[in-house]
Amino acid sequence: MKLTPAAVESFLFREARLLDEGRLDEWLALFPEDCLYWLPILDDGGEMEPSIIYDDRSRLEERIFRLKETRAYAQEPPSRTQHNISNVEIVESSSDVTRVRCNLTLFEVRVGDASQPDLGQPQVLAGRCEYVLVGSAHLRIARKRVLLLTRDLPLGNLSFII
Amino acid sequence: MEFPSLSPEELIVDHPGDFRVHSDAYSSPAVFDLEMRRIFEGSWVYAAHESQIPEPGDFVTTRLGTQPVIVSRDASGQVHVLLNRCRHRASIVCRLSAGRAQQFVCPYHSWTYGLDGTLRQFAQKEGYPPDLDRSALALHRAPSVATYRGLIFARLSDEGESLEQRLGDARRYIDLWVERSPVGRIKVTRGAHRLTYAGNWKYQMENGVDGYHGNYVHSSFIRIAHRAGERKASSFTAVRETGGTIGLSHGDGLIERPYGGMAGQFDYAAAQHADYHRSLDETYGPARREDILSQRNILLFPNLFLFESHIRVIQPLSVSTTTVTMLPTMLEGVSDAMNVARLRSHERFFGPAGFGTPDDVEMFVNCENGMRGRAVPWVRLDRGLHREQAADGVLSGHSTDETPQRSAYRYWRALMRDGARGQQA
C-alpha cells in the first residue's frame, strides 16, 4: 500500500522529535542494517570524495555510542536541538519504497556558562533532505541524505545529530 | 592600537627549566598584526597543492596571512600567486574559491588581467595617457613562489632563504609522507573539511603536534576503537612510550610513532591492505616501507600540517577567529578501494562531525575562553624540557613532550623580532 502524504509527514515529525528529545536509541532503530546516513560536501560527489558524514549502519552505531556512552567533549555541555521539517514532497512511491524530499531548519544551542562566547549562542543550519523510506506498516530509513546550505563552507561543531 | 607592555621577544620566556608564552601572544590584536606582517607575509607559507590546479587556467583562491591571493597556473604551466586586488580601486577580482579561467576581470571597471597577473586591458582607455606603463599595473605577484613535492609555498617578501633552504631537514619527512603513494604522487580531493573556531590560530598549531592530550581529549575515540575490536584502550597508553617528538629548525616539528604502534590508527585502511604493502615494498623496500607507514603529524611552520590521511591548513582570520581546512589525500598508484577506505577512515576521526576533531576544537575554544583569566599571564610549554636531547640542531623529546611547540615558538620569536632576515641567524 502506498504511503499517504500525511503518513510520511507524521513519520518525519516523529523522527525529528526523537532527536530533539534525545531518544537516540529509538532514532537508531529507524535505520535498517543496510542503510546510509549521508551529509555530502559536494553536490556531485560520491564515495570517492570526502563527506561530512558517510555512515553505514556500523558507523552510525558508533556515532550514537559516542554520544551516549563516551566523554565527547564537543558535547560537554550538550547541544539542545530543534529540527523543523517543512516542504515535504513524495517524489516517488511504490508499495514498499517511498522517496521523499523535505526541508530542514535546525536550531542548535549549547547550554552552560553563557558568558563563554561559544556557549549560549544559537546556530541555525538549513538543509534539503532526501529520504528513501522502506516498508509500509513498519517504516524504516534506508537512506537519509542531507544537503546543508553550508556543506562546502567552514562549519562549526556538528557533534549532534542532524 | 596600544602594543602590549612586553615586546614580541619578551612574550616568550626560554630559560633552562622554564619555557612560557605570554597570553598576549594569543589575544593581542597588535601581536596578531605583527604576526601577519613578519610571519605570514615575511616568510614562506603554504599556499596550495599542485593537484588543485593541474591544468593551465586552473586557479584557487586563498590567503597568505590575511591577504587575499589567487593561485593560478598560466598557459605555459607556471604557477603564480597573485594578490586578489585590482590595481585600480582595490576591488577583489575573483570571488570564487576555485575554477578555470582565461583571465580575471575586475567586476568594478572591467580591468582585465592574465593568469600571470599581467594587465591586458581596461575599459575606456582614452581616459589615461597613451603611454601609460601597463607593466607596472599587473596584479601584485608574490615575489617568491616555489614547489616541493607538490606543495606550493609562497612568500610576499623577496628577502630571505630559498624554499629548499627553508625546508631543510623537514624535506626528509615530506618525502616519506609523499611516498605513501607507491608512485610518489598524492592528490587532494575536491571536497574538503572546513571548520571555523572562535580562537587564536596557534591553538591548532600547538595541538597538531601534541602527544600529551590524546588519552584525555580523545577518550571518546579510544573507546570507539576499543568497542570495534581494533585496538584495546590500554594500548593507547602503552603507545605513549614509543616514538617521540622532534623539533626542527624554522619552527617545524613533528610527533612520530613507529610502524606497528599507533601507526594506522587514523589511516586504518593503509594498515589493513596487504596489496598496498606489497606495492610499497616493490618501490621502496620493506625497511623504507615501515618508515613511510610510521605515524607522523608534521608541522611546517606556520600554517601547514601533513597527517597520515590529509593536508591541514591553518588560516588565521583575526586574533580570535581561525579557519582550518582539512584536505584528504588520494594516493596515486593504489586501488580505488584503498583510497575509498582511506577516506572513510579519515571521516571517522576528522572534520566537523568526526569522532576526534570536534573534541580537539573544543579545547582550542576552552583555551581561548580561559585566556581571559588574565590574572595568570603565562601559558606553560615546559613539559619535557629537562629530558630534551639535542643533536645536529635537531631536538628530540618523549612522545608526550612539548618539544615541537617550543621549536615553533623559538622561530616565532626570531621572526617577530627580526623579520625574514632573522631566520638565518
Side-chain angles (χ1 to χ4, degrees), chain A residues 36-56 58-79 110 112-119 121 123 125 146 148 150-162, chain B residues 97 188-199 216-228 309-310 315 317 320-328 330 336 339-340 342-344 346-348 350-366 368-370 372:
Chain A
L36 179 65
Y37 170 59
W38 187 14
L39 272 72
I41 295 171
L42 302 173
D43 297 16
D44 60 347
E47 62 166 12
M48 292 289 282
E49 283 289 336
S51 291
I52 302 164
I53 294 172
Y54 196 90
D55 285 359
D56 60 11
S58 79
R59 186 68 60 85
L60 193 53
E61 286 172 11
E62 290 183 345
R63 192 172 296 281
I64 300 305
F65 172 76
R66 166 171 157 81
L67 292 175
K68 284 189 60 193
E69 307 289 342
T70 75
R71 295 206 69 173
Y73 287 98
Q75 282 292 291
E76 288 191 19
S79 296
R110 291 178 67 196
D113 174 5
S115 73
Q116 298 177 32
D118 59 312
L119 301 178
Q121 294 293 320
Q123 66 164 329
L125 288 167
V146 185
L148 292 179
T150 45
R151 53 195 172 272
D152 52 355
L153 301 174
L155 291 158
N157 173 358
L158 301 184
S159 296
F160 46 89
I161 303 289
I162 290 161
Chain B
S97 62
V188 297
T189 53
R190 280 188 298 137
H193 287 131
R194 295 181 209 284
L195 51 103
T196 296
Y197 67 86
Y216 320 108
V217 174
H218 298 306
S219 69
S220 174
F221 186 77
I222 288 169
R223 290 198 55 208
I224 289 167
H226 181 91
R227 175 184 174 275
S309 65
H310 69 284
Q315 171 84 69
L317 299 179
S320 58
T321 316
T322 305
T323 291
V324 175
T325 302
M326 298 172 175
L327 297 130
M330 303 291 261
D336 283 355
N339 273 323
V340 166
R342 291 180 84 244
L343 275 178
R344 299 291 88 80
H346 169 91
E347 285 157 354
R348 191 185 189 203
F350 298 104
F355 304 156
T357 295
D359 297 335
D360 282 321
V361 173
E362 188 76 3
M363 301 307 134
F364 309 163
V365 176
N366 285 344
E368 180 78 12
N369 289 342
R372 288 157 205 260

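Chain naming here is simple, since letters A, B, ... match the order of the sequence lines and numbering starts at 1 in each. Computed over heavy atoms, backbone and side chain alike; hydrogens, waters and symmetry mates excluded.
- Proximity to chain B involves both the backbone and the side chain of A/Asp44, based on heavy atoms less than 4.5 angstrom apart.
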* Asked: Going through the distances and angles, do A/Asp118 and B/Asn369 end up as a side-chain contact (heavy atoms from CB on, under 4.5 Å)?
  -> CA-CA 9 Å; A/Asp118 59 312; B/Asn369 289 342; 3.0 Å; yes

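- Shortest non-hydrogen contact noted between A/Tyr73 and B/Tyr216 is CE1-O, 3.3 Å.
- For chain B, no part of A/Ile162 is nearby; none of its heavy atoms comes within less than 4.5 Å.
- In this structure, the portion of B/Met363 lying under 4.5 Å from any heavy atom of chain A is its side chain and not its backbone.
- Looking at heavy atoms from C-beta onward, B/Arg372 lies out of side-chain contact with A/Ser115 at the 4.5 angstrom threshold.
- Shown here for A/Glu47 and B/Arg344, the closest heavy-atom pair between the two residues is O-NH1, 2.8 Å.
- In terms of non-hydrogen atom pairs under 4.5 Å with chain A, the most contact-rich of B/Asn366, B/Thr357, B/Val217 is B/Val217.
- Residue contact with chain A, scored on non-hydrogen atoms closer than 4.5 Å, involves the backbone and the side chain of B/Asp359 alike.
- Residues B/Gly191 and A/Pro50 come closest through the heavy atom pair O-CG, 3.3 Å.
- Ion pairing between a basic and an acidic side chain is recognised when a charged N comes within 4.0 Å of a carboxylate O; B/Arg227 and A/Glu61 show such pairing.
- Chosen from B/Ile224, B/Val365, B/Asn339, the residue pairing most often with chain A at heavy-atom distances under 4.5 Å is B/Ile224.
- When heavy atoms are compared at a cutoff of 4.5 Å, A/Ser51 approaches chain B by way of both its backbone and its side chain.
- Within the 4.5 angstrom heavy-atom criterion, atoms from both the backbone and the side chain of B/Leu195 approach chain A.
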**OP:** Determine, step by step, whether A/Arg63 and B/Phe355 satisfy the side-chain contact (heavy atoms from CB on, under 4.5 Å) criterion, reporting the C-alpha distance in whole Å, the side-chain angles of both residues, the deciding distance to 0.1 Å, and the verdict.
**Re:** CA-CA 8 Å; A/Arg63 192 172 296 281; B/Phe355 304 156; 3.7 Å; yes

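- Heavy atoms closer than 4.5 Å to chain A are found nowhere in B/Asp360, neither backbone nor side chain.
- Only the backbone of A/Asp152 comes within less than 4.5 Å of a heavy atom of chain B; no side-chain atom from C-beta onward does.
- Chain A forms more heavy-atom pairs under 4.5 Å with one residue of B/Pro358, B/Gly370, B/Pro352 than with any other, namely B/Pro352.
- Proximity to chain B is limited to the side chain of A/Ile41, based on heavy atoms less than 4.5 angstrom apart.
- B/Tyr197 does not touch chain A: none of its heavy atoms, backbone or side chain, sits under 4.5 Å away.
- In this structure the side chain of A/Met48 reaches within 4.5 angstrom of the side chain of B/Met330, judged on heavy atoms.
- For A/Leu42, the part lying near chain B is the side chain, with the backbone staying farther off; criterion is any non-hydrogen pair under 4.5 Å.
- When heavy atoms are compared at a cutoff of 4.5 Å, A/Ile52 approaches chain B by way of both its backbone and its side chain.
- In this structure, OG1 in B/Thr323 is found 10.5 Å from CG in A/Leu155, a value given to the nearest 0.5 Å.
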Practice prompt. Given side chain to side chain donor-acceptor pair (under 3.5 Å), test A/Arg71 with B/Ser219 step by step and report yes or no.
Written response: CA-CA 7 Å; A/Arg71 295 206 69 173; B/Ser219 69; 6.0 Å; no

